[in-house]
Protein chains: 2
Amino acid sequence: MNKKACEAIPYMNHHSYNIFFTNLANPLKIGIILALRKKERNVGDIAKELSVEQSKISHALKSLKNCKIVNVKNRGKERIYSLNKKTILPMLELIDKHAICYCKNKCCVKEK
Amino acid sequence: MNKKACEAIPYMNHHSYNIFFTNLANPLKIGIILALRKKERNVGDIAKELSVEQSKISHALKSLKNCKIVNVKNRGKERIYSLNKKTILPMLELIDKHAICYCKNKCCVKEK
DNA sequence: TATTCATATGAAAAACATTTCATATATCTT
DNA sequence: AAGATATATGAAATGTTTTTCATATGAATA
């Protein structure tokens, strides 16, 4: 399979999909993503904004970063996390549209 | 918030994202989705194609259907499942591009 | 360089999702 | 109607991910 960089080869690998989705399948991580949508922030500010204990945020950020859903830069002793908008924003929009078009706006009601 | 059908309202609800992604965060379900990409199939055929026990497939299909990622129709005693391509295909493409552009093609390597 | 502030990390516990297996349901066939 | 085939379902067992908490690391500052 051709693997030239940044050339769209749809349906590449099974495993990437799984890791990517697993990473997103978590309310805290979604919360972080939505919080980073408007502007980048350091860990403490994210924790404050979401009222969530710091190490929990750090753990979540670690896997998001691992998957390149967020990026980091250092500023003194702080770490500034920002969203990889190019992938995530269109993805959220797809779900929004899905919810509106197929799920009567209350998409994907949890079974049972 | 305006909720007129099929009008894009980005970043609607937190909870939908979570259920949607949770639903996809599973190798079997990804397998089913990829199997349904080319053509619709009944449960038994999916099971055969993936070499997976039937009730496992049924359980997976149930939640995919619940989230409208797949649709069903009846044909005699069979149930024919098909993919909701409009949402899923562009979503997989987004991940492909993400993997290629940000993850050197082996996207989202599992940590540790 | 000792202290403080910001963040990361490991590991056990807890929460949650999937698998398995036995069985139920529903349609078709005879 | 009885049997066969296709699929669905409930519940316990299993597996995976997240949370928690104690502590480590690393940069800044006094």
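Just so it is clear, the values below take in all heavy atoms, side chains as well, and ignore hydrogens, waters and symmetry mates. If you're wondering where the values come from, they're calculated on a predicted model, not measured in any experiment.
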_It should be established whether A:Asn26 places a side-chain nitrogen or oxygen under 4.0 Å from OP1 or OP2 of nucleotide D:dT17._
no
*Partner residues of B:Lys39 under the salt bridge (charged side-chain N to carboxylate O under 4.0 Å, His left out) criterion, sequence neighbours left out*: none
*Taking CZ from B:Phe21 and P from C:dC16, how many angstroms apart are they, rounded to a whole number?*
19 Å
*Would you please name every residue forming a side-chain contact (heavy atoms from CB on, under 4.5 Å) with A:Lys48, sequence neighbours left out?*
A:Asp45
*Interatomic distance where CG belongs to A:Leu28 and C1' belongs to D:dT17 [whole Å]*: 12 Å
*Mind checking what makes side-chain contact (heavy atoms from CB on, under 4.5 Å) contact with A:Lys86, not counting sequence neighbours?*
A:Asn84, B:Tyr102
*Qualifying residues under side-chain contact (heavy atoms from CB on, under 4.5 Å), relative to A:Lys85, sequence neighbours excluded*: A:Leu83, A:Leu89
_For nucleotides 20-30 of chain D, give me one character per nucleotide, 5' to 3': B if any protein heavy atom sits under 4.0 Å from the base, S if the only such contacts are to the sugar-phosphate, - if neither._
BBB----SS--
*Across the strands shown, which category fits A:Lys65 at heavy-atom distances under 4.0 angstrom: base, sugar-phosphate, nothing?*
nothing
_What is the separation between atom CG on A:Asn18 and atom P on C:dT18, rounded to the nearest whole Å?_
10 Å
*To the nearest angstrom, how far is A:Lys62 atom NZ from D:dT19 atom P?*
15 Å
*Whole angstrom is fine here: how far is it from CD1 in B:Ile57 over to P in D:dA8?*
11 Å
*So does B:Tyr81 get a side-chain nitrogen or oxygen closer than 4.0 Å to the phosphate oxygens (OP1/OP2) of D:dA8?*
yes
*asked:* What is the separation between atom CD1 on B:Ile19 and atom C1' on C:dA17, rounded to the nearest whole Å?
replied: 14 Å
*Roughly how many Å is it from CG in A:Asn23 to P in D:dT16, rounded to a whole number?*
17 Å
*Report the residues that fulfil side-chain contact (heavy atoms from CB on, under 4.5 Å) with A:Val72, sequence neighbours left out, ordered by chain and then residue number.*
A:Lys65, A:Arg79, A:Tyr81
*Please say which of B:Arg37, B:Lys38, B:Arg41 ends up in a salt bridge (charged side-chain N to carboxylate O under 4.0 Å, His left out) with B:Glu49.*
B:Arg41
*State whether B:Glu78 and B:Arg75 are salt-bridged, where the test is any N-O pair (Lys NZ or Arg NE/NH1/NH2 against Asp/Glu carboxylate O) under 4.0 Å.*
yes
*Taking atom C1' of C:dA17 as reference, at what distance in whole Å does atom CD1 of B:Ile30 sit?*
15 Å
